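Every heavy atom of this structure was used, including side-chain atoms; hydrogens, water molecules and symmetry mates were not. Throughout, protein chains are lettered first and strands after them, A, B, ... in sequence-line order, and every chain is numbered starting at 1. The structure presented is a predicted model; accordingly, all values stated were derived computationally and were not measured.
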There are 2 protein chains.
Amino acid sequence: MSQQPARTTFSHLPADKQERVLNAALNEFADQGYHQASLNRLVARAGIAKGSLYQYFPNKEGIFRHIFQLALGRVRQTLVAVKDSTENENLFIRLEKSLKAGVRFLQEHPRIYSLYLKIQFDRQVPFRQEFLAAVRRHAGEYFGSLISRARARGELRPGISEPAALFLLDAVFDRFLQAVAVPYLDVTFNLHQAPEEIVQRRIRELIDLLREGLAA
Amino acid sequence: MSQQPARTTFSHLPADKQERVLNAALNEFADQGYHQASLNRLVARAGIAKGSLYQYFPNKEGIFRHIFQLALGRVRQTLVAVKDSTENENLFIRLEKSLKAGVRFLQEHPRIYSLYLKIQFDRQVPFRQEFLAAVRRHAGEYFGSLISRARARGELRPGISEPAALFLLDAVFDRFLQAVAVPYLDVTFNLHQAPEEIVQRRIRELIDLLREGLAA
DNA sequence: ATTTGATATGACCAACTGGTCATGTCGCAG
DNA sequence: CTGCGACATGACCAGTTGGTCATATCAAAT
């Protein structure tokens, strides 16, 4: 993360032009992924010349990096807000609110979420490893802090493996958001573009299962 | 799934040549995804001429479709085998054995698994929706049958939402396999290429959490 | 009025893509 | 020996890609 991905020229630009370029770039990367993203299309959508793009950024990787860092900032910001605003509640209430906040984020920033999904399994994306590690670290710190606090308050069943609990929460939450965002990923919940009220009910059912378990 | 993806010419070929071509194709698609896969590279690896490839298959989509159907067959075969071989056991034993079988499959067929992951979030892959639906249907039927049987035997806590249980299992299992196969996806379990014994322990911890829940 | 430096531009480039096709090889039937 | 049909081949095509660069524009400073 050491190099500056955007040239100074870009920062001197009028704000609305910067916005147009960033917007076009996020659109392009979010719905095409890194490699299929076309800079020709990008400049066309942004309404600038090809040469201009290369006055703003050193190359395709630079644009991508810039976009990704902006996106990561928004995620971090949201996580912090949710964590702080539920600090004194019970673990399972916190989990419920966290998942709701996740769904809200994904509805408000569908392109950011789509970008994240695209990156996840394409080993050829530059900096993928670095970026994925950053995202997972945030998630880990988030759930880790919820779990530690819950344990301190005696809300957790004794003898539970903390790494296992963390893995479980991360897995279920991530998949829930995926199912809301992506069609055909979800066997029975039919979460994709489901009405608000259904989503809320499913969230409660899931948290209940996590709390009480499957066994009789 | 109506059209025949491979030409008759291909089926007339000596078995070892067929193998070479299919092998090269699976390699290429598995580590490049659909769009980045290059037919020039593919023919080079397979040791055949470009023109020959087009005597075997109608186009890139045809090759892809053929490969995918073969892969899907292997998955189906494995699922059926595991289901039958554990038919009379307790739900949580079945789950443990299923997850172990999943890990084994992924170690034996890493390219098939990689292909599946690549397809998952790339909306531009042809037939993606059709193929994803097929995979999820298999998973749904599998877990659905385990859960129904468990309920009939009274192994499930009463009042549990079956769709929620199914979603939970599908989510956790899928993510577990992903974490074993892909680096940096997993916050604390460090499953990627972990030694057998660690993986086994993690499986038991997870199943325990699923069975008994998180709450005190 | 002239110079200067920052910014804008799109024709251009080599490299590659999926796909085609005229030509060739070769075993076998007549 | 001839001819035929199945299969093999790689030069070739139009289209697209990321990236470059000589040239143009234009406001501010002199």
Worked verdict on A:Ser161 versus B:Glu205 for side chain to side chain donor-acceptor pair (under 3.5 Å): CA-CA 7 Å; A:Ser161 152; B:Glu205 287 176 2; 3.0 Å; yes
Which residue pairs pass the salt bridge (charged side-chain N to carboxylate O under 4.0 Å, His left out) test with at least one member in residues 12-23 of chain A, sequence neighbours excluded? none
Rounded distance (Å) that lies between atom C1' of D:dG19 and atom CG of A:Asn59: 9 Å
Measure the distance from CZ on A:Phe57 to P on D:dG18 and round it to the nearest whole Å. 15 Å
If you look only at pairs with a residue in residues 176-195 of chain B, which of them pass as a salt bridge (charged side-chain N to carboxylate O under 4.0 Å, His left out), with sequence neighbours excluded? none
Would you say B:Phe92 has more than 12 foreign heavy atoms packed within less than 6.0 Å of its CZ? yes
Need to verify one output field. Residue with the more 5' nearest nucleotide on DNA chain D, A:Lys60 or B:Thr8? B:Thr8
When the axes are fitted on five pairs at both termini, how much does the helix from C:dA1-D:dT30 to C:dG30-D:dC1 curve, in 10° steps? 30°
Can you give me every donor-acceptor pair (side chain of residues 70-82 of chain B, partner residue at least two apart or in another chain, under 3.5 Å) with its distance?
{"residue": "B:Arg76", "atom": "NH1", "partner": "B:His138", "partner atom": "NE2", "Å": "3.3"}
{"residue": "B:Thr78", "atom": "OG1", "partner": "B:Arg74", "partner atom": "O", "Å": "3.0"}

Check ring-ring contact (aromatic ring centres under 6.0 Å, His included) between A:Phe105 and all other residues, then give those that pass, not counting sequence neighbours. A:His109
Could you pull out all residues at least two apart from B:Gln18 that satisfy side-chain contact (heavy atoms from CB on, under 4.5 Å)? B:Phe10, B:Leu13
Between C1' on D:dT9 and CG on B:Asn40, what's the gap in Å once rounded to a whole number? 14 Å
B:His12: which residues meet the side-chain contact (heavy atoms from CB on, under 4.5 Å) condition with it, sequence neighbours left out? B:Thr8
Set of ring-ring contact (aromatic ring centres under 6.0 Å, His included) partners for B:Tyr142, sequence neighbours left out: none
Would you indicate whether B:Tyr184, at its atom OH, is surrounded by more than 12 heavy atoms from other residues, nucleotides or ligands within a distance under 6.0 Å? no
Excluding sequence neighbours, so at least two apart, what forms ring-ring contact (aromatic ring centres under 6.0 Å, His included) with B:Phe121? A:Phe121
Which residues within residues 41-54 of chain B lie with some heavy atom under 4.0 Å of an atom in DNA chain C? B:Lys50, B:Gly51, B:Tyr54
Pick the closest DNA chain C nucleotide for B:His35 and for A:Thr9 by heavy atoms, then say which residue is nearer the 5' end. A:Thr9
Is there side-chain contact between B:His35 and A:Gln32, with heavy atoms separated by less than 4.5 Å? no
So which of residues 12-20 of chain B are in contact with DNA chain D, with a heavy-atom cut-off of under 4.0 Å? B:His12, B:Lys17
Where chain A begins and ends its contact with DNA chain C, read 5' to 3' at 4.0 Å from heavy atoms: C:dT7 to C:dG10
Carboxylate-amine/guanidinium contact A:Glu130 A:Arg65, below 4.0 Å: yes
For A:Tyr56, which contact category applies under a 4.0 Å heavy-atom criterion: base, sugar-phosphate, or nothing? sugar-phosphate
